[in-house]
Amino acid sequence: MPITKPSDDALPRLALTLGDPSGVGPEVVAGVWANPQVHAICRPVVVGGVEVMTRAIQLRKVQACVAPAAGEELARSSPDVVPCLEPPAIGGALPGEAAYRAIDLATRLVIEGDADGVVTAPISKANLQAAGYHYPGHTELLAEKCGVSDFAMMLYLPPGPTTRCPHGLGVVHTTLHTALRSVFDLLSVDAIAAKCRLADNAMRAFGAARPRVAVAALNPHAGEEGLFGEEEQTLIRPAVERAAAEGLDVVGPLPVDTLMGRAAGGEFDAVVAMYHDQGHIALKLLGMHAAVNVTLGLPIVRTSVAHGTAPDLAWQGVAETDGMVAAIEAAARLAARQKNRTARRSG
């Protein structure tokens, strides 16, 4: 079926950061530029080094030229021209510094109304730290840039062959990039209930009228009535009860070894996980290259690929691009919804 493209004015403007230039980010962005679906749903502009993007375009043998972008050029893009907005003094910067400056500029573009959303390529947390930026990852950095304290990472799997979820499946993480031994101290009733609210709001944005949210247990067998731990009784169940009292359709704590199978089968729209790997491993097994990282709680739209920098594969022209396409599609959908909502309020 031929792609029907709306007028350029109706398409959301998305800022695509190149991520860490020593990873696969630049070539992933270059690889999706030749995909006609990308240009059918958004007006993309690249944020990063012009020289880096040019090398990536050449590596992927994309028939397009890279053009430095500024001002009105942000609104222009096509399969043949890659508008690239380069942060100041990015040439020769350390990889972590280059990644940070691109994120900073892309975020400001959206906050100031020059773009409708940010889609980020992966960064190296170690390189970011080496450059002097002490953030555990994109999520915490963006939360600070946007001045919010109530935020979360959600891995989102769009509707597809691996789930029966009509609006996709979201997994929201209560704790993020932290040592596993710290998780117990970071969990609280307030934190878990807050993530339930964010999960509900996020899945409404993806079309669920009344999202069904399941909250994961922390311990094996949901603690087995205190035999394997008391967190289910003292933290998770009270948080679920609070969220339910606020009107959310939420259940838990549920044993994780069966929860994700039930969610993938269509029983739930979202899962609230207690820690990073509890949510990441299960969802990535369902759809590694279809999953999208969505930052919840920000005043702006931000999505990302669900994979890392993969330096062992970088600059070989073999990096998978499906994840970036999925991230762009999710951002375009969320940005278009936000634009329509704003237009209704102003009208």
Side-chain angles (χ1 to χ4, degrees), residues 12 14 32 35 37-38 40-42 116-120 138-139 151-174 176 195-216 243 248-252 254 256 258-273 276-298 300-307 320-341:
L14 299 182
V32 302
N35 188 325
Q37 179 63 23
V38 169
I41 60 176
C42 73
D116 300 304
V118 179
V119 181
T120 59
H138 270 113
T139 304
F151 61 90
M153 172 194 290
M154 180 175 81
L155 284 190
Y156 172 70
L157 189 62
T162 60
T163 74
R164 296 180 181 177
C165 305
H167 307 290
L169 176 62
V171 177
V172 179
H173 299 74
T174 305
L176 276 178
K195 299 309 182 282
C196 291
R197 296 184 202 103
L198 288 171
D200 178 83
N201 287 334
M203 294 313 298
R204 288 179 189 274
F206 282 110
R210 181 168 168 75
R212 300 156 300 164
V213 179
V215 181
L248 275 64
D249 185 354
V250 55
V251 296
L254 299 178
V256 180
T258 56
L259 170 54
M260 289 305 296
R262 294 170 63 182
E267 192 172 341
F268 306 111
D269 300 296
V271 171
V272 174
H276 182 281
D277 282 9
Q278 188 183 58
H280 271 57
I281 292 173
L283 199 77
K284 287 184 177 182
L285 281 172
L286 288 173
M288 172 68 188
H289 296 298
V292 178
N293 184 335
V294 184
T295 306
L296 309 183
L298 301 180
I300 66 173
V301 170
R302 180 264 173 167
T303 67
S304 183
V305 293
H307 61 74
E320 174 66 52
T321 61
D322 287 352
M324 180 57 75
V325 173
I328 291 171
E329 289 177 341
R333 181 176 176 182
L334 293 173
R337 181 179 184 273
Q338 192 172 79
K339 286 181 71 174
N340 290 337
R341 191 171 53 206

Which distance, rounded to the nearest 0.5 Å, do you find between the CG of Leu157 and the OG1 of Thr163?
-> 5.5 Å
Are any non-hydrogen side-chain atoms of Lys284 and Leu155 less than 4.5 angstrom apart?
-> yes
Contacts of type side chain to side chain contact (heavy atoms under 4.5 Å, CB included), residue Arg204, not counting sequence neighbours = Asp200, Pro211
Within the side chain of Thr321, is there an N or O that forms a donor-acceptor pair under 3.5 Å with the backbone of Val32?
-> no
With sequence neighbours excluded, residues passing side chain to side chain donor-acceptor pair (under 3.5 Å) with His280 | His173, His276
Nearest heavy-atom neighbours spanning Met260 and Ala282 = CG-CB, 3.4 Å
Which atoms form the tightest heavy-atom contact between Val119 and Ala331, and what is the distance?
-> CG2-CB, 3.6 Å
Apply the test side chain to side chain contact (heavy atoms under 4.5 Å, CB included) to residues Val294 and Leu334: give CA-CA distance (whole Å), side-chain angles for both, the deciding distance (0.1 Å), then the verdict.
-> CA-CA 10 Å; Val294 184; Leu334 293 173; 4.1 Å; yes
Non-neighbouring partners of Phe206 that pass ring-ring contact (aromatic ring centres under 6.0 Å, His included), sequence neighbours left out | Tyr156
Taken in chain and number order and not counting sequence neighbours, the residues that satisfy side chain to side chain contact (heavy atoms under 4.5 Å, CB included) with Glu267 are Arg262
Rounded distance [0.5 Å steps], CE in Met324 versus CD in Glu329 = 12.0 Å
Please report the closest heavy-atom contact between Ala270 and Met203, naming both atoms and the distance.
-> CB-CG, 3.8 Å
Got a donor-acceptor contact below 3.5 angstrom from the Ser304 side chain to the Asn293 backbone?
-> no
Go through the structure and list residues passing salt bridge (charged side-chain N to carboxylate O under 4.0 Å, His left out) with Arg197, not counting sequence neighbours.
-> Glu246
For Cys196, the side chain to side chain contact (heavy atoms under 4.5 Å, CB included) test, sequence neighbours excluded, returns Val215, Ala243, Leu248, Val250, Val272
Among all residues two or more places apart in sequence or in another chain, which pass the salt bridge (charged side-chain N to carboxylate O under 4.0 Å, His left out) test with Arg210?
-> none
Shortest non-hydrogen contact from Asp116 toward Val301 = O-CB, 3.9 Å
Quick one: closest heavy-atom pair of Phe268 and Leu169, and the distance?
-> O-CD1, 3.9 Å
Partners of Thr139 by side chain to side chain contact (heavy atoms under 4.5 Å, CB included), sequence neighbours excluded?
-> Phe151, Met153, Leu176, Thr295, Arg302
Enter the distance from Leu259:CG to Gln278:CD here, rounded to the nearest 0.5 Å.
-> 8.0 Å
Closest heavy-atom pair and its distance - Leu14, Ile328 = CD1-O, 3.8 Å
Taking only residues two or more places apart in sequence or in another chain, which ones pass side chain to side chain donor-acceptor pair (under 3.5 Å) with Arg212?
-> Asp269
